[in-house]
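Beneath this line is the structure, given in structure tokens, with notes to follow.
Computed from a predicted structure; not experimentally measured. Labels below follow one simple rule: chain letters A, B, ... track the order of the sequence lines, proteins then strands, and each chain is numbered from 1.
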There are 2 protein chains.
Amino acid sequence: MANDSAPRRSAARTAERRRRADAERSIAAILDAALDAVSERGDVNMSELARAAGVGRVTLYTHFPGKEDLLDAVMTRAIEDANAVLAEAEPPGGLPARDALAQVIRRAWPVLDRYRRLHTAAARVLGAERMRAHHDAPMRLVAGLIDRGREEGGIRADLPRDWLITVVYSTLHAAALEVDAGRLTPAEAPEILVATLLPALSPT
Amino acid sequence: MANDSAPRRSAARTAERRRRADAERSIAAILDAALDAVSERGDVNMSELARAAGVGRVTLYTHFPGKEDLLDAVMTRAIEDANAVLAEAEPPGGLPARDALAQVIRRAWPVLDRYRRLHTAAARVLGAERMRAHHDAPMRLVAGLIDRGREEGGIRADLPRDWLITVVYSTLHAAALEVDAGRLTPAEAPEILVATLLPALSPT
DNA sequence: CTTAACTCGAACACTGATGTTCGCGTTAAG
DNA sequence: CTTAACGCGAACATCAGTGTTCGAGTTAAG
């Protein structure tokens, strides 16, 4: 909640310019295909990407000036998706932050699992900093819970707050990589994560 | 050491072929320069690499067929270095595995910090699997401690052994990235790591 | 001192990928 | 129906990086 009514935001594809319906369709197809392609191959070039999207190479370039822009758009979309899930995952009631965090981890996992390949591919092209910027919103959500947890006493206060966030983030992604490598199943991941992270975040 | 009279076989830079002293020197210079270059820029191409090493491009190629081979060699060297430190870090006495692990983490940190950029760059070129192969030896050392710790009861047995190894590995590297991004100082890192990992590895 | 190993600059060949332009056909919007 | 927007193939223009070849000079090793 508490969503500020920001009428025009930056590089969103919400309401940029009157686009014709077929253009809108193309863009959607490209975004979808890009996610798919990236999710099964690691890296993709623009040519095969256009083919996968059922779209001409020229069309691809008219909508996205370069690969960066495209990957950025795909990431934006993915993060929006993740945000939606995360936002509704946080229980409203007076649940202790510590437990809420566990819930968030459990709920976040499927989304993370879905985009695990994208994360790797996008990181290669966009670089660590840009990647961090993308994760800003979900990070803040976790940060909020951690802060609250520290006040409540359910989460340790002896380590830097940013470090705890990093631990959550990196462990989550480590799990995604393990699944990708076949050393972990998507089903067992969430509980393992909770069982690993809670002790790491608890007061000594 | 029954060394077969087989002068072929690729790989190893141990005792391949009688190399002239200047060749040996070139190779060393290349390896050094490559590590340096990779440690301050993220990525490097062969041309500027040769220049940095004070060596002709041709010479570079005669010693290393391609960039992969070069990065692979640099990694091999780094891991050997790390192994040496790790091996002597493990205290001989009957120290509980749990405490030994803490020691290993503390001792390993400086090495890890030294090679943090290399890790990123090499991963890009070599891929995750090849990277894992390189880390095989140090991983085994950690694995050994974890196994022993489980028997002793100082380390949790409710999660897959491989997962615990991954947690150690990924948290270590997460810390390296944080240092690289300036969000953590190399000095405070080791204690933070121990404080984070021990609770994560302890029985509930 | 003789030989073989090594160095190295310059030039070339090649590849894979990125962007761009042109022109024409197609399609949505009013 | 008219028009502007869009799609798209083909061809072109780069471009960066890789790897190779040649030929001559230099240096270590025995």
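- Residue B:K67 has a polar side-chain atom (N or O) positioned under 4.0 Å from OP1 or OP2 of D:dT18.
- Between the CZ atom of A:R19 and the C1' atom of D:dA5 there is a distance of 12 Å, given to the nearest Å.
- Counting only heavy atoms from C-beta outward, the side chains of B:S39 and B:R114 never approach each other to under 4.5 Å.
- Here B:H63 reaches the OP1 or OP2 of C:dT7: one of its side-chain N or O atoms lies under 4.0 Å away.
- One can place CD1 of A:I27 at 13 Å from C1' of D:dG7, the figure rounded to the nearest angstrom.
- Contact check, B:T62 against C:dC6: no side-chain N or O comes under 4.0 Å of OP1 or OP2.
- Atom CG of B:L49 and atom P of C:dC8 are 14 Å apart (whole Å).
- Whole-Å rounding puts the A:D69 CG to C:dT18 P distance at 12 Å.
- Interatomic distance, B:E178 CD to A:S170 OG, rounded to the nearest 0.5 Å: 8.5 Å.
- Distance CZ (A:F64) to C1' (C:dT18): 17 Å, rounded to an integer number of Å.
- Counting only heavy atoms from C-beta on, A:M46 has its side chain closest to C:dT18 among D:dT27, D:dT18, C:dT18.
- Each of C:dT21, D:dG7, C:dC6 was ranked by its minimum atom distance to the side chain of A:T59; first place goes to D:dG7.
- Proximity note for B:V55 (side chain, C-beta onward) versus C:dA17, C:dT20, C:dC8: the nearest is C:dC8.
- Remark: A:L71 CG to A:D43 CG distance equals 8.0 Å, nearest 0.5 Å.
- Picking from C:dT7, C:dA29, C:dC6 the nucleotide with the shortest atom distance to the side chain of B:R20 gives C:dC6.
- Atom CD of B:E24 and atom C1' of D:dA29 are 14 Å apart (whole Å).
- A donor-acceptor pair under 3.5 Å links the side-chain atoms of A:T171 to the main chain of A:V167, judged by distance alone.
- Side-chain atoms of A:H63 and A:D69 include no donor-acceptor pair closer than 3.5 Å.
- Ranking C:dA28, C:dC8, D:dG7 by closeness to the A:R25 side chain, first place goes to C:dA28.
- One cannot find a donor-acceptor pair under 3.5 Å joining the base of C:dG9 and the side-chain atoms of B:R57.
- Proximity note for A:Y61 (side chain, C-beta onward) versus C:dA17, D:dC6, C:dG19: the nearest is C:dG19.
- Protein atom CZ of A:R51 is 11 Å distant from nucleotide atom P of C:dA17, rounded to whole Å.
- Distances from the side chain of A:V58 to the nucleotides D:dG9, C:dT7, D:dA28 place D:dG9 closest.
- Rounded to an integer number of Å, the gap from CG of A:L60 to P of C:dA17 is 14 Å.
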